Participant: 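Mind looking over this structure? Questions follow.
Counting starts at 1 for both ligands and their atoms, following the listed order. Nothing fancy with the numbering, it's 1 onward along the sequence. Remember, it's a predicted structure, so these values are computed and weren't measured experimentally.
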Amino acid sequence: MGLKLTSSLRDIKKMRQMKDKIRKEDKIELDLSKSNNNLKNDSNDELDKKNDEDNNTVDFQNYKYIRVNTLQITPEELKKRLENKKIVLEDTFLDYAFKVISSPFSVGATPEYLYGYYFMQSISSMVPVIALNPQKGERILDMCAAPGGKTTHIAQLMNNEGMVFAVEVNKNRVRSLTSNINRMGLKNVVTMNTDSVNLKPEELGLFDKILLDAPCTGNAYKDSSRIKNRSDILFCSNRQKELIHTAIDLLKSGGELVYSTCSPEIEEDEEVISHIVNLRNDVELVKLDKNDYKGLNIEDAIIKGTLKILPPNEPFYIAKLKKL
Ligand SMILES: C[S@@+](CC[C@H](N)C(=O)[O-])C[C@H]1O[C@@H](n2cnc3c(N)ncnc32)[C@H](O)[C@@H]1O
């Protein structure tokens with residue numbers, strides 16, 4: 001049975017009601033007929049252009065959170081310092097992340113920011129790294145790393161022990177990645193400017209954990225002045241499927257992958273996961289629990305155990321897989 005996939009956030013509720021019809025045993029039956037759309041014509045230059053444009057589409061509402069760099073300062077000390085500057089902060093489900101309620105000036109314009117004591121990002125964008133659960137001493141690959149919100153979060157949780165390989169295809173964006181790694185004082189990150197699709201286990205070795213925070217149409221979604229069309233969605237969906245195949249090849253047996261996008265489109269989310277789980281017999285879904293992320297508007301996605309974060313939080317999709 002195939003299911004015609006539609007592509008708006010509004011449809012997700014309707015789609016969820018149909019989930020029992022599209023799941024059969026542990027396999028997920030979605031319409032994969034689109035999965036072989038020709039990618040070969042889509043160059044990285046095109047992708048670079050899309051991502052450079054994405055740099056201009058920051059919606060500040062979504063970034064009103066700070067993640068404390070616990071390698072440099074305690075959350076309590078940073079909170080005290082910022083409150084002395086009349087920045088009002090609120091606790092979140094993470095003891096090292098705060099919501100910025102109000103600030104007399106841009107939250108990035110403090111000496112504490114320049115010292116690398118915190119990173120500004122959405123609370124949603126912290127969830128993929130929490131789901132990945134990095135540990136000291138592990139070998140972790142971040143396949144789509146710039147500007148480094150998640151790379152620096154991973155390295156922080158590893159307490160500067162072990163190794164993070166942060167790969168980014170866009171040369172301009174590698175600069176912001178490197179600058180954030182340096183600002184945060186991280187010593188266990190290696191950056192690589194290359195296309196992650198071409199990474200090979202025989203050259204890089206295998207990894208304990210991989211984050212694939214895939215390029216997606218999400219930024220267009222957040223910026224209502226931009227038009228995102230079906231070909232953008234399919235372009236991203238196809239690239240995401242290529243990347244996730246490479247990711248599984250690079251995982252150790254027993255290793256874990258977190259796949260995330262900031263797009264609500266089913267083709268970029270559930271369809272990518274159903275594609276990989278159905279096509280490969282060396283991978284299984286690890287179920288995530290929405291109750292681990294208190295205070296967020298978060299639900300099970302169509303594939304139960306994969307999560308969808310919804311507005312007013314920044315929309316995100318998160319799924320976890322294990323290599324058998
Ligand atoms: C969603 S953004 C990543 C955000 C980043 N993980 C963070 O938390 O700051 C996707 C990034 O992947 C990069 N990218 C796209 N395709 C790639 C590829 N094939 N290999 C490596 N990087 C890629 C883009 O240039 C972009 O910087």
Participant: Does K200 come within less than 4.0 Å of E203, counting only side-chain N to carboxylate O?
Facilitator: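 Salt bridge absent between K200 and E203.
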Participant: For ligand 1, is there an atom lying under 4.0 Å from some heavy atom of A214?
Facilitator: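 Flag set, A214 near ligand 1.
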Participant: Considering only heavy atoms of T194, which atoms of ligand 1 have at least one such atom less than 4.0 Å away?
Facilitator: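 Those atoms are 20 (N), 21 (C).
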Participant: Measuring centre to centre across the rings, with the benzene-like ring taken for any Trp, is F207 within less than 6.0 Å of F165?
Facilitator: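 Close enough - the centres of the two rings lie under 6.0 Å apart.
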Participant: Would a hydrophobic clustering, with Ile, Leu, Val, Met, Phe, Trp and Tyr connected at side-chain separations under 4.5 Å, put V174 with L186?
Facilitator: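 No, separate clusters.
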Participant: Do NZ/NE/NH1/NH2 and the carboxylate oxygens of K320 and E256 come within less than 4.0 Å?
Facilitator: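 Yes.
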Participant: What are the atoms of ligand 1, with element, lying closer than 4.0 Å to any heavy atom of S196?
Facilitator: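 It comes down to these atoms of ligand 1: 18 (C), 19 (N), 20 (N), 21 (C).
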Participant: For N170, counting its heavy atoms only, list the atoms of ligand 1 lying under 4.0 Å from any of them.
Facilitator: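 Answer, ordered by atom number: 25 (O).
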Participant: Under 3.5 Å, N or O to N or O, is E168 touching ligand 1 that way?
Facilitator: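 Looking only at distances, the answer is yes, because the N/O contact criterion of under 3.5 Å is met.
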Participant: Are a donor atom and an acceptor atom from the side chains of T152 and N180 found within less than 3.5 Å of each other?
Facilitator: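 Their side chains do not contain a donor-acceptor pair, so the 3.5 Å distance test is not met.
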Participant: Apply the test ring pair (Phe, Tyr, Trp, His ring centres under 6.0 Å) to residues Y113 and Y118: give CA-CA distance (whole Å), side-chain angles for both, the deciding distance (0.1 Å), then the verdict.
Facilitator: CA-CA 6 Å; Y113 179 79; Y118 60 95; 5.6 Å; yes
Participant: Below 3.5 Å, N or O to N or O, backbone or side chain included: is there any such pair between V169 and ligand 1?
Facilitator: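 V169 vs ligand 1: N/O contact under 3.5 Å present.
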Participant: Is R239 in polar range of ligand 1, meaning some N or O pair under 3.5 Å apart?
Facilitator: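 No, since none of the N or O atoms of R239 sits under 3.5 Å from an N or O of ligand 1.
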Participant: Can you find an N or O of P215 that's nearer than 3.5 Å to an N or O of ligand 1?
Facilitator: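 In fact, backbone or side chain, P215 has no N or O that close.
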Participant: K150 to ligand 1: N or O pair under 3.5 Å?
Facilitator: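 Looking only at distances, the answer is yes, because the N/O contact criterion of under 3.5 Å is met.
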Participant: Say whether G148 and ligand 1 are in contact under the criterion: heavy-atom distance to a ligand atom below 4.0 Å.
Facilitator: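 G148: in contact with ligand 1 (<4.0 Å).
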Participant: Could you tell me whether ligand 1 has any atom less than 4.0 Å away from a heavy atom of L211?
Facilitator: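 Contact absent.
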Participant: Among K252, K322, K136, which residue satisfies the salt bridge (Lys or Arg N to Asp or Glu O under 4.0 Å) criterion with D208?
Facilitator: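 Single pass found, and it is K252.
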